[in-house]
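This report concerns only the one structure given below.
All values derive from a computational prediction rather than experimental measurement. Protein chains get the first letters and strands the later ones, always in sequence-line order, with residue 1 at the start of each.
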Number of protein chains: 2
Amino acid sequence: MGIIRKTKTVEILLNEFNKNEVAISAKKLIDSLGNTINKTTIYRVLDKLEDDGVLHSFLGKDGLKWYAKCNGCSSSKHTDMHPHFQCLSCGKVDCISTNVVLPNIPNRQIEFSQLLIQGKCEVCCA
Amino acid sequence: MGIIRKTKTVEILLNEFNKNEVAISAKKLIDSLGNTINKTTIYRVLDKLEDDGVLHSFLGKDGLKWYAKCNGCSSSKHTDMHPHFQCLSCGKVDCISTNVVLPNIPNRQIEFSQLLIQGKCEVCCA
DNA sequence: TTTGTTACTGCAACTAAGTTGCGTTATATT
DNA sequence: AATATAACGCAACTTAGTTGCAGTAACAAA
């Protein structure tokens, strides 16, 4: 079940995702908002926003959970299937809006895929 | 630094990877061998075998660490860059020996990539 | 505006994967 | 056999994420 009441916590968290384009890890949200909002609440609101199709989640290079705003997803169907890029220098994660060409795998039924590309971002490249 | 002495633990672990074709998670090795070998030792030997280019590691769908035998890797260079397939029904993970076509990302320097495809394996499809 | 239902929150305690420090054991070299 | 040290076991720790429960607040209805 998703978000039903527009609480202060929901507003604060949505605001975090609106002011930056990049993805944000649950850990970072707890680090920056943890003395305002309880970490349990942060995890729960993120989970519900994902259920609603407002955010999508994926795992970063260390297995940490990251969230980013969805494009064209609804609560019934997450259509987002794009790759993510994580910078090995500064740790920043971006959504890459390019379609992934999946390899042909015989006799298997593909349901999801996650592609994490790692390297140096445009800032850390220079 | 990699493996220097051929101990009983190294032999047992390598044997696990030789009898099956599939990847094995660190957790599963601890579950099955944990009363014979200490879990710290399992983690350390896996780590060293990866340093040596004997195994490669990647993260499964829950962020758990998985290991599988390498093909054509050395201690100096891990050339393996293939996708992995994890079955959502039985949990099995396989290496897919197909090259991945990475999307073109301007102004970024790509160093690694990991593609995890999820769905139903050939056994669970039927 | 007040009341009442219940979604939401905070707290504390917990779970589980993986790590660290250190004293002991065992491999391999001389 | 002696010895240097890689490898091991144990216990305690770290940390991301979860659970149960009691208290709080959002919101609809009166």
Expressed as a whole number of angstroms, how long is the span from [X]:[atom1] to [N]:[atom2]?
X	N	atom1	atom2	value
Ile12(B)	dA7(D)	CD1	P	16 Å
Asn38(A)	dA16(D)	CG	P	15 Å
Leu59(B)	dA16(D)	CG	P	15 Å
Lys48(A)	dT6(C)	NZ	P	15 Å
Ile37(A)	dC11(C)	CD1	P	12 Å
Ile42(B)	dA17(C)	CD1	P	13 Å
Trp66(A)	dA16(D)	CH2	C1'	14 Å
Asp52(B)	dA6(D)	CG	P	14 Å

_Cationic N near anionic O, under 4.0 Å, Lys27(A) to Asp31(A)_ = yes

*Please determine if Glu122(A) and Lys92(A) form a salt bridge, counting it only when a charged side-chain N lies under 4.0 Å from a carboxylate O.*
yes

Could you check whether any side-chain heavy atom of [X] comes within less than 4.5 Å of a side-chain heavy atom of [Y], counting everything from C-beta outward?
X	Y	value
Ile37(A)	Ile30(A)	no
Gln118(B)	Ile110(A)	no
Ile96(A)	His82(A)	no
Glu16(A)	Leu29(A)	yes
Thr98(B)	Ile105(A)	no

*Could you run down nucleotides 19-30 of chain C 5' to 3' and tag each one B, S or - for protein heavy-atom contact under 4.0 Å?*
BBB----BBS--

*Between dA7(D) and Thr41(B), is there an OP1 or OP2 to side-chain N/O distance shorter than 4.0 Å?*
no

*Shared ILVMFWY cluster between Leu115(B) and Leu116(A), side chains joined below 4.5 angstrom?*
no

*In residues 23-33 of chain B, which ones come under 4.0 Å of DNA chain C, going by heavy atoms?*
Ala26(B), Lys27(B)

*Any chance CD of Glu111(B) has more than 12 other-residue heavy atoms, nucleotides or ligands included, within less than 6.0 Å?*
yes

